[in-house]
Every structure is written in C-alpha cells, then in structure tokens.
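Reckoned from all heavy atoms, side chains included, excluding hydrogens, waters and symmetry mates. Letters A, B, ... are given to chains in the order of the sequence lines, protein chains preceding strands, and every chain is numbered from 1. Being a predicted model, the structure only gives us computed values, none of them experimental.
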Amino acid sequence: MRADLEIIEPWIEDGARVLDLGCGDGTLLDYLQRQKNVSGYGLEINPEHIETCISRGVNVIEQDLDKQGLGNFRDNTFDTVLMTQALQAVRRPDMVLEEMLRLGREGIVTFPNFGYWRLRWYLIRRGRMPMSSTLPHTWYNTPNIHLCTFKDFEALCYQHHIRIKSRTVVDDEHRFRWFNRLWPNMLGQIAIYRVTR
Amino acid sequence: MSEPFPADSVGLVEPRLLHFAEPLTLECGRQLPHYDLMVETYGTLNADASNGVLICHALSGNHHAAGYHSPNDRKPGWWDSCIGPGKPIDTDQFYVVSLNNLGGCHGSTGPASQNPETGRPYGPDFPVITVRDWVNSQARLADHLGIQQWAAVVGGSLGGMQALDWSTTYPDRLRHAVVIAATPKLTAQNIAFNEVARQAITSDPDFCAGRYLEEKTMPRQGLMLARMVGHITYLSDASMGEKFGRELREQAYQFGFDVEFQVESYLRYQGERFSENFDANTYLLMTRALDYFDPARPHGNDLSAAMAQASCRFLVLSFSSDWRFAPARSEELVNALIDARRNVSYSQIEAPWGHDAFLIPTPRYTNLFTAYMQRVAKEHTHAG
C-alpha cells in the first residue's frame, strides 16, 4: 500500500464527502471508500486512468483543472478536497488552493520539496535545473511548471489567510525519517499538508 | 457447416410482438386502450432476474439492435458494435431487451396501426407520445418479462434521455443508467432543426394532412428532406470534409442544379433510402418527443432537483465533435448529478464523427463502456 494513504486516512472522517483533484487511477479514493466509507468524485484527464477508476467503481469526472477550473462545483460541497502530487503541475496553484477551500472545509495537498538538499546541491554543483527520481523531467518538457519549497508554500498560505492544520514530511517513498522533521525545508522530500480557513 | 455470422455476434435473432391489453394513459391526457410492442432479446435472464439490460433507441431506431434476421442480411442490428458476446454489453452476462417504441413504425403500435375506434390507420390521430410515455410502456414490458429491476438502462441520443427519465420516474427499478451523447433538454437550435424537418414533411402535397396511407400516397419528398437535414446534424464538418471534401461527381462543373458534388449525392441517397423505410407521422412524433423532453421543467428548471429523485449510478459519455448534443450538454447533466450528490462518472471521448460517434466503436469508447458494464455485471454475479 502507498504510504501516503496511511498518513492521509486518519485526517478523513468516516462517511466524508471527498473530491480528489487529479485522482490518477483512483487508488486513494478506492482505499478511502473501503476504509472510511467516503463518497465523492475524482477528477482526471488521463484516459487510461479514467478507465481504471471506472473498473474500480470510483466515480471519475473527466475535467481539466487548467482549462475548465472548478466553477461547476458549488461552495461547501465537500468535507475534504484532496490534491496529491499535482499542485506543482497546475497553471495557477494559488487559485486552485483557493478553490479547494471554497468547495471543501479542509484541503489536503502533497507536493515535492524543491528546497530538498540534493536538489540544491545539484544546482550548485552543476549549475543546471535539478533532476532526480521524483523530478525526472527536463526543464523544457516537464509537467511540473510550478515547483516550490515548503517555505514557499507556507508563505502562500500565510498571504491567503489559509491555516495549516498539520504538516507531515516524508521521503520520496513516503517514509518518516527523523531528520526530515529536524530541518524539513532542507531534508524533506515530500510534504503532506492539511489546510483550512 | 461453419457459422455464417461473426463469433462475437448474437447470431440469428427473432423479434416478438407482445400485446398489452391494459390501457395506457399518456402524458397528453389521452389513452391508448391497448397496444403492441415489437421486442428482441439477447442472452439469458438469470434465476433472480437481476441481469436485465434495457436498450432504448434513438430517433430513427427500432427493436433490431443486434444480430441478424436472416443469414442473407447484409447488415446486423443498429448497435451490433456494442451488443454481443464479449462486447461492451456482453450477452454472455446480460439479458438484453430492445424494443421498438410506441409511435414507431417497425411493428409497435404507431400512427400506421389501425385505430380501434375507426378501423382505419391512426395517421395524424395518433396521440403525441413523450419520453415519459415510452418509459411507462417500457416499465410494463419489464413487468411482463418478470424484471423488477434492470441491471442497467442504456441509450444513446434520444435513447439516453429515456435512460435519464427511467432514473427519476422509477428510481427503484434500475441500478445503473448509461447516458450516451444525450442532453437534459434540447436547445433552441436543436428545436429549430426539428421544425425544419417537420415542415419539410407537412408541406409535401403527398402528406395529405397525415392521412397519406388512406390516400394511398407517401410524402417521400418531405421525409427525404427531413432526413437530409437531420443527417447533416449527425455528422461533423470534419467528418464530411474527410469523406467528401469538394469531390465532384463528374470531372468538371456542369453549370446546373442537379447533383454536382459527391456530398449531395450521398445525402440524396441517404434521404431516399430512409423515405422508403420510415413513416412520416412517426418522424413527426419522434422529433416532438425530443423537443418536449425537459426533466427540469416541473422542478422550476432546477435540473439537480429533478435528478435528486434518482438513486441509480450513472455513466455519462459525450463525444468531442458532437455539435447536435455537444459535450457541454452532457456536462450540464453531470453537474446537476454532482449537485444532487448522485454517483456519476463522465468522460468526453475524442472522436471526429459528430453525433453519430455513439454508433461507431473506437478503442477508448469501447474500453470505457466495457469497463463500466463489467462493473455492473459483477454486482449480479456476486449477489447471485
């Protein structure tokens, strides 16, 4: 099982209404449906992923966040709006974040930390845009058009009056490491944030 | 001897005419004292009658959705691409029921049938039928077949509207509604096209105010024109462009008004063929049923309030180049279902053929449809 599912699960109430932005093959929603009896929808644009969601019995809506936005959803429709590993790939992360908290009471966001020491070292040593196992793309052909550090994200939340309820920092396999907690913005690879108004 | 039909075909099928002796009260207030429905079924009904799938046909469709009526048939039923062993609607798993709707002209009671009050064909006296009337008659058909609850009600275009209406009219009698290339209501442009089609028919001198059967004529020209304009709306600019472009029938311009371009020849051929096999009064009825369909209307035009009555799960599919019932119309429905907190999945399938795409198998369409129906099948195999 994906380690991030275990981290997210306790944050979701039993029977909650959930929206998963960029739900992929529906693994997370499927898991939450079975463990927490949640209901809701996943948004996805990849045809293979959509098919897998349907096979699993996960409600999936083909909708492109960048092109169509989330205007078709009414305020406070959901208990929790999730977005795992997609914030860095949308055109306006700030607006998506705002929308998440318009639709839901709580948001859960995970993204890779561009302040991770290895990426910093890569840039210093080679003077080129860092590439790694979590960020395997070249700068000119990457879906990750808005990479940020944990500090950047927290500054954005502060500006938008968004409260961070909790933050868990893990490595690229979603494992806890003591040093992640020691100096997250330098040593953490992926953060899982739980935010609200 | 080898089978004359493809392995994934339901093979030779035989339609049945079912008689319903109880009167049916229609939305317009009138009553049909009794009526017949022409029906085909494929596959086998399981012991607890939980694997029934109802196929609802579109404007010019009929009961013959899959298989062949004779080994000499050139073409199978109209949705053979999606119904059969191993196909999206898998006849090894489902008991598939397909009918010709009331008001139709392929065996079910319609304007060409005899009016019991006069002993002559109904013609223009046949009552105006609505989607709700069809759904009510289909519910009687389900009773007759011993099906209390459909595994799924499935339809494309006008058929999808029947599936939608099933979900709110008989919420306990279906577990899934599959709504393909449909719309929760016609736009002004849609109604306008229907009106042109109706005018083409009613202004044909051979229409004889709808009594052409008694007058022993046929408004062929009008029906042909109606079909021609309809047909244009089923295709896309791109698909017509690819099929015909500006191709001429002769090498050079003839400087006249007979058929010059291949597209004209094609449309005339389609229209003529249609006018030989279809009833003009039925065409009027079917287009009016389309115009009237508007489930939000009794709910103060709030579609989500209408859809809140449903309890089944939904699959909604649209096609990128469909401009007759554009993806935006399906999305309107999906948004209403989300608002009403119903279970729904939606996909817009990339396809160049316009509205007709729902009849054309493409990998993505077939795979999605199959994945959904397999999921539906799991429910009754687990329960049974």
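- Within 6.0 Å of CD in Q68(A) there are more than 12 heavy atoms belonging to other residues, nucleotides or ligands.
- In this structure, R375(B) forms no cation-pi arrangement with Y372(B), as its terminal cationic atom is not both closer than 6.0 Å to the ring centre and no more than 45° off the ring axis.
- Contacts between E48(A) and chain B at a heavy-atom distance below 4.5 Å are absent for every atom of the residue.
- If you measure heavy-atom distances from L317(B) to chain A, you find no contacts under 4.5 Å at all.
- Annotation for G115(A) and T149(A): closest pair N-CG2, 3.4 Å, computed over non-hydrogen atoms.
- Between chain B and the residues V58(A), T52(A), N72(A), the most heavy-atom pairs under 4.5 angstrom are made by N72(A).
- For Q149(B), the CD atom counts as densely surrounded, since its 6.0 Å shell holds more than 12 non-hydrogen atoms of other residues, nucleotides or ligands.
- Interface residue N335(B): only side-chain heavy atoms are found under 4.5 Å from chain A.
- Checked by atom type, the side-chain pair S157(B)/H355(B) shows a donor-acceptor distance below 3.5 Å.
- For chain A, the nearby part of D339(B) is the side chain; its heavy atoms alone come within less than 4.5 Å.
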Exercise. Report the C-alpha distance between Y193(A) and F111(A) in whole Å, list the side-chain angles of each, state the deciding distance to 0.1 Å, and finish with yes or no for ring-ring contact (aromatic ring centres under 6.0 Å, His included).
Key: CA-CA 9 Å; Y193(A) 281 92; F111(A) 60 90; 5.8 Å; yes

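- Contacts between V344(B) and chain A at a heavy-atom distance below 4.5 Å involve backbone atoms as well as side-chain atoms.
- Listed options E350(B), R364(B), Q374(B) were ranked by heavy-atom pairs under 4.5 angstrom with chain A; first place goes to R364(B).
- The greatest number of non-hydrogen atom pairs below 4.5 Å with chain B, out of E51(A), R56(A), E44(A), is found for E51(A).
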